[in-house]
Amino acid sequence: MVASSGSGQREGWSSRSAFILAAVGSAVGLGNMWRFPAEAGENGGGAFVLFYIFCVLLIGLPVLLSEVLIGRHGQASAPESVRRVARDSNASGGWSIFGSMGVFAAFLILSFYCVVGGWVVYYIGVFAADLFQTGLTGGAFEGREASDIENLLPGLFGNGSLMVGLNLGFLAVTVFFVARGISSGIEWVAVYLMPMFFVLFLGITIYGAFSGNFGEAVAYLFTFDASKLTGEVMLAAVGQAFFSLSLGVAGMMTYGAYASRETNLGETSGVIAGADTAVALLAGLAIFPIVFAAGLSASAGPGLMFQSLPIAFQAMPFGSLIGLAFFIMVFFAALTSSVSLLEAPTAFVKDAGKLPRPVATLIVGVGAAILGVLSALSFNEMADFRPLAFIPIFAEANFFDALDGVTAKLFMPIGAILTCIFVGWVADARLIDDENGLDGALHQIWRGLVRYVCPILLTVILLAGIFPEYAETVFSLLSSEPAAELGEAAG
Ligand code: PFF
């Protein structure tokens, strides 16, 4: 147990490896299996992927360490942890605003994350039923047209009550585990489900590599074409890096608060970021070969995992079994992430209201359920509702997409910029040195990244992503293109 800086005994991870598993569990989720391939495919493949890796190393990793460090020092919910670091640094408690923003963003993400979690449950049902009907050895969905398989998702979208039911079901499971607490709920899920996830994941990746079009997938994901690296692609990549590493939204700060003093946070952050990035890249290398081998398009976006992949499973031996294993694996990954999304606001409500954990969990859960219904219905019943139409980059976004866009592209980068300024410039350097577990050159590099590189780079990317047309003009001015082309780009 971790000693408290407040009153009473605080909950904590039972060991360093439990912390790592829980944090990796938070990081690895729908972001890796569903969002990463979709974003890579929609944003031109290699340019996105390589810039994504750059973002993880130069921005994600330093921010991750900054967040867990604040949490571990504060030993409380995210806003309270920031306030305690500020107090111990003689700085204004007003900095806790980015902790509160993070908690709110985590709550928003939770509400739509469970909608996608519900789709995963649906596909588990679809493949289980198919396995029962077509048997073990053949391909999935024997005798059915590809269009039938593709239509499963629109069919689900068209059924509002099923969408809402699945969403609430997934959320209820999440609430159940978070209400049980850190060691018997969240840690339990991570310790049992993450190893099973990794076994299934490795199996499916190897299967994808041997039975699909692996070479084409590698070329697609790793060929860098600088001309594709626009402001929007860069913001999408940085947003994806944050989403995938659970950053900028208080998730990792909250988990850091349960880490013991003995845990080396620098080392642990490296393990978390490494594992998450490896899973994202391997997920790309598992999904794209299968999709390419079936002659399907990489840019199918959000439909890639739910439409293209099931079609691809049709042509494969053991297709229903592989499909079932795949979606069970995604379910495990999604649940270990959704518990962290719920834990961030729950810890806040519990601390702020001095409420018992189950009550706090339920309050947040009911809020997420109400908001989640709007997301669940935004694919059919409320498809024309565009809440952020006044912001050009979100003009076309329905309620679900608007929440996804606004959290990954605004809340997360802004939260991270504030975290860097706070840790790099405001907090007492001795306090930070004492927590970060880095020495020598690594410490200097990290400090330089947090103080200068991350905030500057993030601000540039944020502006470039929000105002793409201005960014294009600036990029062309900076590049050595002839004047004629410059005029075209600006116009
Ligand atoms: N990192 C998770 C994923 O990749 O699916 C999503 C997530 C979890 C984002 C927790 C933010 C968070 F606080």
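Counting convention: from 1, in listed order, for ligands and their atoms alike. In this text, all values refer to a predicted model and were calculated from it rather than measured experimentally.
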Between E67 and R72, does at least one N-O distance fall below 4.0 Å, as a salt bridge requires? no
Take K409 and E232 through the test salt bridge (Lys or Arg N to Asp or Glu O under 4.0 Å) and record every step on the way to the result. CA-CA 10 Å; K409 292 181 176 161; E232 276 170 285; over 6 Å; no
Do NZ/NE/NH1/NH2 and the carboxylate oxygens of R35 and E42 come within less than 4.0 Å? no
Exercise answer, ligand 1 polar atom pairs (N/O) under 3.5 angstrom:
from: ligand 1; atom 1: 1 (N); to: S26; atom 2: O; distance (Å): 3.1
from: ligand 1; atom 1: 1 (N); to: A27; atom 2: O; distance (Å): 3.0
from: ligand 1; atom 1: 1 (N); to: F243; atom 2: O; distance (Å): 2.8
from: ligand 1; atom 1: 1 (N); to: S244; atom 2: O; distance (Å): 3.1
from: ligand 1; atom 1: 1 (N); to: S246; atom 2: OG; distance (Å): 3.0
from: ligand 1; atom 1: 4 (O); to: A27; atom 2: O; distance (Å): 2.9
from: ligand 1; atom 1: 4 (O); to: G31; atom 2: N; distance (Å): 3.3
from: ligand 1; atom 1: 4 (O); to: N32; atom 2: OD1; distance (Å): 3.4
from: ligand 1; atom 1: 5 (O); to: L30; atom 2: N; distance (Å): 3.0
from: ligand 1; atom 1: 5 (O); to: G31; atom 2: N; distance (Å): 2.7
from: ligand 1; atom 1: 5 (O); to: Y113; atom 2: OH; distance (Å): 2.5

Residue list, side-chain contact (heavy atoms from CB on, under 4.5 Å) with P289, at least two apart or on another chain: F214, A217
Partner set under side-chain contact (heavy atoms from CB on, under 4.5 Å) for F176, not counting sequence neighbours: R180
Residues two or more places apart in sequence or in another chain: which of them pass side-chain contact (heavy atoms from CB on, under 4.5 Å) with A333? V28, F197
